[in-house]
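Small disclaimer: the values here were computed from a predicted structure and weren't measured. We name chains A, B, ... by the order of the sequence lines, and we start the count at 1 in each one. Scope of the values below: all heavy atoms of this structure, side chains included, with no hydrogens, waters or symmetry mates.
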Number of protein chains: 2
Amino acid sequence: MAARSTIAVLGGSGHQGRGLARRFAQAGMSVVVGSRDPIRARAIVAEWPAGASIEVDANAAAVARADIVVLAVPFPSIAPLLEEVRSYFLAGALVVDVTVPVTFSGGKMAMLDVPEHSAAEHVRARVPELIGVAGAFKTLPAYVLDDVEQPLDCDEFVCGDSEIARARALSLVRLITGLRAIDVGPLARARSIEHLTALAIAINRRHKIHSARFRVVGLASPD
Amino acid sequence: MAARSTIAVLGGSGHQGRGLARRFAQAGMSVVVGSRDPIRARAIVAEWPAGASIEVDANAAAVARADIVVLAVPFPSIAPLLEEVRSYFLAGALVVDVTVPVTFSGGKMAMLDVPEHSAAEHVRARVPELIGVAGAFKTLPAYVLDDVEQPLDCDEFVCGDSEIARARALSLVRLITGLRAIDVGPLARARSIEHLTALAIAINRRHKIHSARFRVVGLASPD
């Protein structure tokens, strides 16, 4: 029997990562939270109700044992983080980028101009060639993700640099209760997905909520 | 008593415009289809079940009598069209841009690089200063719009260059049965709305449907 898949969530004790890490653990995956400060991250994870089942390690060590590596760090940290961990990937690992290139300088939300057009393509340019890259979990509000007892009840958009990368990311999305996975095609579609997140943030701010997310109407089958 | 609002739908006999024109007429508005070829457009409109209540005029003449001017032409036609009609706007008119800068060259869908960042801002740059501009009806599939007996059953995203422009466009969206109007703020948000349309087109193509549209989850109130 194959061992359980190990998923590393880099930035897994942070704002966006902590909900994902706990939901992956709920789904029965072996989860390693990667952190640049594992001692501090261990203290955070120990406070989670399901924290005992989640390991914590330095980012590079987490990558070195993961079948799937989820990038859940702020966009500006991607380049230095991938520089640090790029030689640690297992052959056949998949990188799932969940980041969105937004800033909140001066209280205003704006999208950053990314030379590669999207965060996912920015990641692709910094990961070893043979490692697949997918974009997913980009449009889920941290506030809702974090409330792990609440089903997400929405759709999540998946793109990837190959059929295999996309299929693996679609399967990962389907592990999370209440999420419907929607295949939107090549990695370059990440740009549109990231704009969807910007729209969700704008809706949240304007309507004073924290939970705006999306459902596709008119799509009968799951994907 | 104030006369009924007159709405001109430029490109109203075309792919995206025809569903909108008929739905505005259903909602009780006085509708003028604007066309560069009014004779041909009159023949098209005469075939619509509710066509008798819809007038047809040349684009400039339609603008000259409209409280609201809806731009439903292909993106590349915007600049020459606005050049032609810009001196015909009534004082206090509102322009509602429904266009999306996509191309389908070689069978592949791609977003055009718009110097002003979005179609709505491209329009803003070409309309007289005192005329308000809003973006709306950008994410509705023509296929669903066109089937005017079918309620749309989705959300529509509205942005605008002033509170007044936005409020007027939100009211216009609410006239259409089955649409919830969602205020997403300033006109610059059009860029994200237009990416949402690109995502809907990608979903349609990948899943071999024509009806992908969106619903925001987590937003209790209508707006």
**Request:** Return yes when atom CD1 of B:Ile164 has more than 12 non-hydrogen atoms of other residues, nucleotides or ligands closer than 6.0 Å, and no otherwise.
**Result:** no
**Asked** Which bit of A:Arg206 is near chain B, if near means a heavy-atom gap under 4.5 Å: side chain, backbone, both or neither?
**Response** side chain
**Request:** Between chain A and each of B:Ala188, B:Ser192, B:Ala212, count heavy-atom pairs under 4.5 Å; write down the option with the most.
**Result:** B:Ser192
**Fill in**
Those residues of residues 195-202 of chain B that come under 4.5 Å of chain A on a heavy-atom basis, listed by number, are B:His195, B:Leu196, B:Ala198, B:Leu199, B:Ala202
**Those residues of residues 9-23 of chain A, ordered by number, that approach chain B below 4.5 Å (heavy atom to heavy atom)** = none
**Request:** Return yes if some donor-acceptor pair links the side-chain N/O of A:His207 with the main-chain N/O of B:Ala220 below 3.5 Å, else return no.
**Result:** no
**Asked** Looking at residues at least two apart in the chain, or sitting in another chain, which of them share a ring pair (Phe, Tyr, Trp, His ring centres under 6.0 Å) with A:Phe75?
**Response** A:His122
**Message:** For B:Arg215, which atoms come within 4.5 Å of any heavy atom of chain A: side chain, backbone, both, or neither?
**Reply:** both
**Residues A:Val216, B:Phe214; criterion side chain to side chain contact (heavy atoms under 4.5 Å, CB included); working and verdict** = CA-CA 5 Å; A:Val216 175; B:Phe214 298 94; 3.9 Å; yes
**Request:** Using non-hydrogen atoms and a 4.5 Å limit, figure out which bit of A:Arg205 sits close to chain B: side chain, backbone, both or neither.
**Result:** neither
**Request:** Considering only heavy atoms, give the residues of residues 136-159 of chain B separated from chain A by less than 4.5 Å, sorted numerically, with 'none' for an empty result.
**Result:** B:Asp153, B:Cys154, B:Phe157
